[in-house]
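This one's a predicted model, so the numbers in the text were calculated from it and none came from an experiment.
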Number of protein chains: 2
Amino acid sequence: MLTSSQRQLLRVISESGPLSRTEMANILGLSKGAMSGLARDLLDRGVLHETETIYGQGRPSIRLDLHPECAFFVGVSLLEDPAPMILGDLNGGIIARCAMPLSRDPEVIANAIAEGLPALLGSRPDAKEKLSGIGVALSGFVDETQANCVKSTLLGWQDVPLARIIRERTGIETFIENDAKAVAVSEKLFGSAREVQNFSVVSLGDGIGCAHFIEGRLYRGNHGGAGEIAHCTIEPGGAPCRCGKRGCLDTVASMKAIKEMSRAEGLECTSLSDIEHQASAGNAAAIRILHRAGSALGLAIAHLIQMNDPGLILITHLEGSFDGLFGTVVQQAVEMNVLPRYAGQTPIRIKRVDSDIWARGAASIAAHNFLIGPNVN
Amino acid sequence: MLTSSQRQLLRVISESGPLSRTEMANILGLSKGAMSGLARDLLDRGVLHETETIYGQGRPSIRLDLHPECAFFVGVSLLEDPAPMILGDLNGGIIARCAMPLSRDPEVIANAIAEGLPALLGSRPDAKEKLSGIGVALSGFVDETQANCVKSTLLGWQDVPLARIIRERTGIETFIENDAKAVAVSEKLFGSAREVQNFSVVSLGDGIGCAHFIEGRLYRGNHGGAGEIAHCTIEPGGAPCRCGKRGCLDTVASMKAIKEMSRAEGLECTSLSDIEHQASAGNAAAIRILHRAGSALGLAIAHLIQMNDPGLILITHLEGSFDGLFGTVVQQAVEMNVLPRYAGQTPIRIKRVDSDIWARGAASIAAHNFLIGPNVN
DNA sequence: GTTGATTTGTTCATTTTCTGAACTTAGTGT
DNA sequence: ACACTAAGTTCAGAAAATGAACAAATCAAC
C-alpha cells in the first residue's frame, strides 16, 4: 500500500511532529522533487494534512502533519476483567470506550471483540470505513510477527495464534503485543519518547514491566523476553518469587509486593499513598518498606543504564506519586549505582498514567503497524 | 562506491558464509535478475569469488564468497605498550604484525602508525594497493562516527579526533572503537557470532568489557556507554572502585581484582590458573575468592540476559580455563539468576583468546566499514 | 545414449523511484 | 515597485529493480 519511503516519512513525522516538505527531504536524504510527489500522494489519501504556514524570508513553508482522523484503531487490554476496549486515533486520543468480559478462550475473546466493535464504531460515522487495525495487549510473550502468543502464564496459553483468530472473526488486521512493550510503543508514538531513539519504559503496576526501544525500534529480544527486569535478582537469597527463584525485583518493588509487605507489618494499606502517608508520619516499618523497594527498583534501573545506556528512562506508574519517599529513594539509588561520570546524564522521566494505559498501548500497536509497518528495513 | 544493495549482500555473505546467487536473491528479497547484476559487478571488482559448485537436480549452483584477499586492513591496539599493530585480511587472518611504542599524544600515535605501515605492507606485494582501512582499539568512549574519542581515562583524552589525525597523516580511511566493542565486531565478522543477530560479548581481561549486537548491529548506546557491565553494582556497599562507587563487578570479578584479593590473602598468584590450582588443592581462601568472583560475574550476566534476552553470550578470556571452579560458578550463577523458564535457553559460549584479540578487533572495525559501511539503513 | 525434468543463472524490455535543473510561487526587505 | 529569497512543482533523464523469456548445466528414466 505505502512505499518504503512513505513509511519512513510517516515515521519521521511521528517522531518530530509537523515538518515542511523541504525539512523532510533533508531528513530523509531525498531530493525536493521526490518529496513533492510523496507528499502529494499522502495528502491525496488523507494521511497527511497541511497545518501552519511558517513565514520567513522567501516563500513560506507549510508544515505537514499526520491527519489524526485518517485512521482509527481498536485497542483491547486482556490485563483486566472486564477487559477494556477503546477506539483511538492517530494522536493517541480515545474516541470511544467499552468493555468486554475477559476469557481464556481465544475464540470467545475474538467473538467478544467482534460484538463490541459496532458499539465502539457507532460513535463516529466515518470510523467504520477508517478502522485500520486492532491491537491487543496481554501479559506474556509474543513472537516477532506480533501474531502469536508464545506463552502466557496469566491466560494459560502456549502458542496461541490470537491475532489470526481475531482477524478471521472480525476481518480486521490484528496485532498482539506484550503489555510493557505496548506501553513503550505508545510512548514512542504518542507520548514523551517520540523523538528519542534509545529509551526504556519501566511500567509500575501490580507487577513491574519494562521494554526497550533501540535505534528507534522496539527491541523484543531473542525469545521475546527483552525487558524482563521484574525477575532480575536484586536481593540475592531474598524472598521466594512466584517465578521459582529468589529475590527478584518483583518480590520487593512491585505495588503488590509493597502492599503485601505492609500488611505483613500490620500496616493499613490499599494503595501506595497509604504507606507514603504513614512513612511521612514517621512510621518506621513504612519507611523501611519504601526504602527497600525504592533501593531495589533504583538498583535495577541503574543496571539497565549501565547495560544499555539509554537516552531516556520513562517510569510510568498508576498509583500514588513519585514525590514521596519511594520516588526519592528510587532516584537516589539510581544515581548512587551508575558510573559517577554518567550520573544525571540519563534523564529519568516520571509519568503518572491512568488505567487506559494498556488499552491505549494496544491501540498504538495497531497504529504503529499502520504507520511504519511490521518490520522496517 | 558500493550501492546499498551490494552492502546488504556482503553483510549476508559475511553472516551466512558462501551462498549461491539464487539463495542470496531470496534472502535479500530481490529478483534473480537484479542479483545477477550485483554479483557480476562484485566479481569483476574482485570482492567476491566463486567457490564450490553444488550439484543437485537442475543446473548446479555456484557459491559465492568474499574474496579474503580483496582487501587488507591494519589494526592497532592502544591497550598495551608496546602497541601491537597487525595486517589482517577479510577472514580475520593475521598476515603480518609489528609493534609501536604507545603514546598519549595523538600526533605521535599517528606518526608511529605511518612509520609502521611499510614494514607491515612489505610482506605482500599487493597489500599496499589493497589496504582499505585502519582500525584502532582503545579503552574509552568513542562517538557513533567511530572517529572521535569522547573520553579515555587511560589515555587521558577528552574529545580527541584521533581518526582524522591518523587519516591525515597516513592518507588511509581510519576508524576507532572501544576495545570491547571492537572485539564484538570481530566476533560478528570473523568469529563465532557471525549468524547471531542479538548477542553480547563479555571480554575478561585485566578488566571486564562488554558490548552488545542488537538486530545485527553494534549497539553503542546514547553516550557510547552501552555494555559498561564492569561498573554494575553487584555487591551493594562493597569494596570501593576506582570509578568512585562501591561494589562494582570490576572490584570482584576482573582478573586484576582476583589477583589482588589473592595477594591480600597471602596467596601466590600471577595468573588465574594459580588460584584455580590452589582451589582444587582445597585452599579455602582460593575457593572463597573464586566463588565470590564467579557468582558476581554470573549474576551480572544473568541481569544482562534478563534485560536484553540475547541469543548468545560469548565470554572471551585471555587467561586460564573455564573448566575450573571459576567457570563452573559463573555458569551456575547465571542459571540460578535467570527466569527458570529461560534457564539454558541462552547459549553461553566460552572462548579462549590470545593477546591478538585487541589488534584483530581493531582491524575488524576497518573491515566492517569496508564491507557494510558506517551506518546501515 | 537420448529425452525430459529441473533448477541455476542471464538477458532485456519495462516499471518504479529518485535526481537535478529549470521553473513557479509567495512571501520579505528596501 | 523592485530585487531577493526560499519553498515547492514540474519534468526529462538516470538508476535500480521486476518479471518473463531464455540459455545452461545437470540428474533421472527409459
Taking heavy atoms of chain A and a 4.0 Å limit, find me the 5'-most and 3'-most nucleotide of DNA chain C within that range.
C:dT17 to C:dT28
So that I can tick it off, tell me whether B:Arg45 and B:Asp41 are bridged by a salt bridge, with the cut-off set at under 4.0 angstrom between side-chain N and carboxylate O.
yes
Between D:dG8, D:dA24, D:dA6, which nucleotide has the shortest distance from any of its atoms to the side chain of A:Ile62?
D:dG8
OP1 or OP2 of D:dA16 under 4.0 Å from side-chain N/O of B:Ser5
no
A:Gly37 near the nucleic acid: base, sugar-phosphate alone, or nothing, with a heavy-atom cut-off under 4.0 Å?
nothing
salt_bridge(A:Glu15, A:Lys188) N-O dist < 4.0 Å
yes
Candidates D:dT10, D:dG8, D:dA28 - which lies nearest the side chain of A:Arg40
D:dT10
Of all the choices, D:dA25, D:dT18, D:dG8, which nucleotide is nearest to the side chain of A:Thr22 once you look at every atom?
D:dG8
Would one find a side-chain N or O of A:Ser36 under 4.0 angstrom from OP1 or OP2 of D:dT9?
yes
Name the residue closer to the 5' end of DNA chain C, choosing between A:Tyr55 and A:Leu30 according to the nucleotide with the nearest heavy atom.
A:Leu30
Side chain of B:Arg59 (C-beta onward), nearest among D:dA6, D:dA23, D:dA28:
D:dA23
Which word best sums up how the rings of B:His49 and B:His67 line up, parallel for under 30°, tilted for 30 to 60°, or perpendicular for over 60°?
perpendicular
Classify the ring geometry of A:Phe213 against A:His368: parallel below 30°, tilted from 30° to 60°, perpendicular beyond 60°.
perpendicular
